[in-house]
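As the structure lists them, so they are numbered: ligands from 1, and atoms in each ligand from 1.
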Amino acid sequence: MEQHQRKGRRVVLFPVPLKGHINPMLHLGQILHSNGFSVVVIHTNFNSPDASSYRHFTFHRISDGLDDQDHPATTSNVLSLFPYLNASCLEPFEACLREVVSDAAGEPVACLVVDAHFHFTQGVSKRLRIPRIVLRTGGACSFHLFTALPLLKGKGYLQVQDPKLEDPIVEFPPLKVKDLPAISSSDSDKDKLLQLVISMVSTAKNSAGLILNTFEGLEQPSLDELRRELPVPIFSIGPFHKLCRPANSRSSVAHNKAACISWLDKHNPRSVIYVSFGSIAETKESEFEEIACCLRNSGRPFLWVARPDSDVRTAARISSGLAGDECIVKWAPQLEVLSHPSVGAFWTHCGWNSTMEGISEGVPMICTPCFAEQMVNSRFICDVWRVGVELEMGRNGLERGRIERAIRRLFQEKEGEEIRNRMNDLKEKASLCLKQGEGSSFNAIDGLARHIMLLESVTFGNGGISA
Ligand code: UDP
């Protein structure tokens, strides 16, 4: 990305400490840095980012109370993690931000950029008189649905049960009731989810702007709806990762990278199935078996990320029993994998980052959404953009027949060829939106940089920090 003249302003980023939230926030930091801003990152102790990959940023660690191994708020339970962090980070975050702002040697702080799930920052921003922009790391399609979730609850949609889960949500075609987040959860989890969503939407509504990792050519209808509903400027500046130079990580990932990329190098173009369900979703032991068996029976080479937290031993056992052409890793350099010519399909859980990454590399998808907004993403991938095939969990999780059918549809049937063609068109759109001077995301980044420079005077005048 082209380097702009320094602006003499700092932006302070505060990511939620989960991979799918940290990665896009750091990418956004790179984009803002390339546009002339200095970047400060305040981060939690828990899951702290690899600062060595971003030497041009300044990092400040705050305590979050998550050092206690017994704490119930784990990464796989965001319904308890997010409320916990909103309470535990308030004091340390505010103290840290005061220090950053008061540092006489530093450039003035132009604004905060916080994850949409950190609603407590609203009060901090007011007290410290620092404008606050929100980054939502999901797509516009799911955010639009979230703005209407209380209304949909009022209409009884959240209480619908089998066999009506297949019914359409008439207000949001082509979504089905079963695509609603937490639809199959307990009433108390539904309430917690609703609370999270309400806080997130309100955080965005009361901000000085909303940033989304998406592009107009992909999500214009949802973006238009959001612009009608939210009284703040919305900047669709994705795909983020295409605008950033890869960070040179020194972590253990480098080991897998060498191994799985050289394995990919040995394969024919578009022959490999890449399987990854992101950084949170867990796979049951019985599903491991089904996945392994079907992939082997498909006769296709496959690269499978079996995360250690899912079940290292199962993965190791299954891997030792496989006689086919596969590479099983604990973590893969996904951006490099997806852009590798030998990858022909991406079996994904439809996390938003994976969705954007798959689309911008033009890799057709097999969609197995697991939770949160992933069902919405999957519906858009399969039924709106039509660049993937749906592979739902059955009553007993992933079932052999369904997996085999999905692989066949993508690799052997005419439908697969059509999906591939549509995906190539979408990849082209993702590339055009970044084009200097004319692309929608390129121009939106320019608009965002100007917006940030104007914020401090417009939002709070010239007053200092209030007590
Ligand atoms: N990722 C990766 N290697 C892996 C698995 C995931 O680099 O083996 C990255 C992926 O590229 C994406 C992020 O982790 O940027 C996962 O985010 P996503 O929103 O797709 O899913 P989440 O982990 O939040 O469920």
Side-chain angles (χ1 to χ4, degrees), residues 15-30 47 49-50 53 74-79 81-82 115-117 135-143 181 212-214 238-244 246-249 251-261 263-264 272-283 302-310 312 315 327-340 343 346-361 363 365-378 380-381 388:
V16 155
L18 295 177
K19 203 83 191 156
H21 293 248
I22 298 172
N23 285 358
M25 185 65 94
L26 293 176
H27 285 160
L28 174 61
Q30 297 257 54
N47 269 352
D50 177 10
S53 302
T74 62
T75 51
S76 56
N77 187 356
V78 295
L79 291 181
L81 179 69
F82 289 173
D115 190 286
H117 282 292
L135 167 66
R136 169 61 190 153
T137 54
C141 52
S142 58
F143 200 76
L212 290 162
N213 179 14
T214 187
F240 285 6
H241 69 282
K242 293 302 255 184
L243 291 157
C244 306
N248 41 338
S249 173
S251 70
S252 58
V253 166
H255 170 70
N256 282 340
K257 179 174 172 171
C260 68
I261 298 296
W263 180 85
L264 284 174
V272 173
I273 304 177
Y274 169 56
V275 188
S276 169
F277 302 131
S279 62
I280 302 173
E282 289 182 359
T283 312
F302 60 93
L303 167 60
W304 182 11
V305 178
R307 289 195 347 273
D309 17 351
S310 304
V312 185
C327 175
I328 300 184
V329 293
K330 293 176 184 170
W331 188 256
Q334 183 159 301
L335 297 176
E336 249 185 285
V337 169
L338 288 172
S339 60
H340 196 285
V343 173
F346 179 16
W347 184 359
T348 170
H349 70 312
C350 305
W352 186 250
N353 295 292
S354 295
T355 301
M356 285 299 282
E357 291 160 8
I359 286 175
S360 36
E361 300 310 334
V363 185
M365 300 186 204
I366 299 174
C367 299
T368 303
C370 301
F371 58 86
E373 81 273 19
Q374 293 160 13
M375 283 82 77
V376 177
N377 301 340
S378 170
F380 272 72
I381 293 167

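- For atom 19 (O) of ligand 1, the nearest protein heavy atom (residue, atom name, distance) is Asn353 ND2, 2.8 Å.
- Contact annotation: the side chain of Leu28 approaches that of Phe240 to within less than 4.5 Å [non-hydrogen atoms, C-beta and beyond].
- The heavy atom nearest to atom 15 (O) of ligand 1, out of those in Glu357, Gln334, Glu373, is found in Glu357.
- Taking atom 8 (O) of ligand 1 as the reference point, the nearest protein heavy-atom neighbour is Ala332 N, 2.9 Å.
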Test side chain to side chain contact (heavy atoms under 4.5 Å, CB included) applied to Phe82 and Val16, step by step
CA-CA 8 Å; Phe82 289 173; Val16 155; 3.6 Å; yes
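- Close approach of ligand 1 to Gly351 is summarised as follows: ligand atoms under 4.0 Å from at least one heavy atom of the residue are 18 (P), 19 (O), 20 (O), 21 (O).
- Expressed to the nearest 0.5 Å, how far OG of Ser276 lies from NE2 of His349 amounts to 7.0 Å.
- Protein heavy atom nearest atom 2 (C) of ligand 1, with residue, atom name and distance: Trp331 CZ2, 3.1 Å.
- Residue, atom and distance of the protein heavy atom nearest to atom 13 (C) of ligand 1 are Asn23 ND2, 3.9 Å.
- The contact set between ligand 1 and Trp352, taken as ligand atoms under 4.0 Å from a residue heavy atom, comprises 19 (O).
- Each of the atoms 17 (O), 24 (O) of ligand 1 lies under 4.0 Å from some heavy atom of Gly20.
- Distance check: Leu335 CG to His340 NE2 gives 14.0 Å after rounding to the nearest 0.5 Å.
- In this structure, Phe277 has its ring center under 6.0 Å from that of Trp347.
- Taking the six-membered ring for Trp and thresholds of 30 and 60 degrees, His27 and His241 have ring planes inclined between 30 and 60 degrees apart.
- In this structure, Cys350 and Ile381 approach most closely via the heavy-atom pair SG-CD1, 3.9 Å.
- With respect to Glu373 and Arg136, a salt bridge is recorded, a charged nitrogen being found less than 4.0 Å from a carboxylate O.
- Ligand 1 lies nowhere less than 4.0 angstrom from a heavy atom belonging to Ala281.
- Shown in contact with Gly278 at under 4.0 Å from a heavy atom are these atoms of ligand 1, numbered in order with element: 23 (O).
- Within the 4.0 Å heavy-atom shell around ligand 1 one does not find Leu335.
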Would Trp331 and Ser279 satisfy side chain to side chain contact (heavy atoms under 4.5 Å, CB included), going step by step from the backbone distance to the final call?
CA-CA 9 Å; Trp331 188 256; Ser279 62; 4.0 Å; yes
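- Across all their heavy atoms, Cys141 and Asn377 have their closest contact at SG-OD1, 4.0 Å.
- Remark: minimum distance from atom 23 (O) of ligand 1 to any protein heavy atom is reached at Ser279 OG, 2.4 Å.
- From the protein, the heavy atom lying nearest to atom 20 (O) of ligand 1 is Ser354 OG, 2.5 Å.
- The option with the heavy atom closest to atom 22 (P) of ligand 1, from among His349, His21, Lys19, is His349.
- Within ligand 1, counting atoms from 1 as listed, the ones closer than 4.0 Å to a heavy atom of Ser276 are 5 (C).
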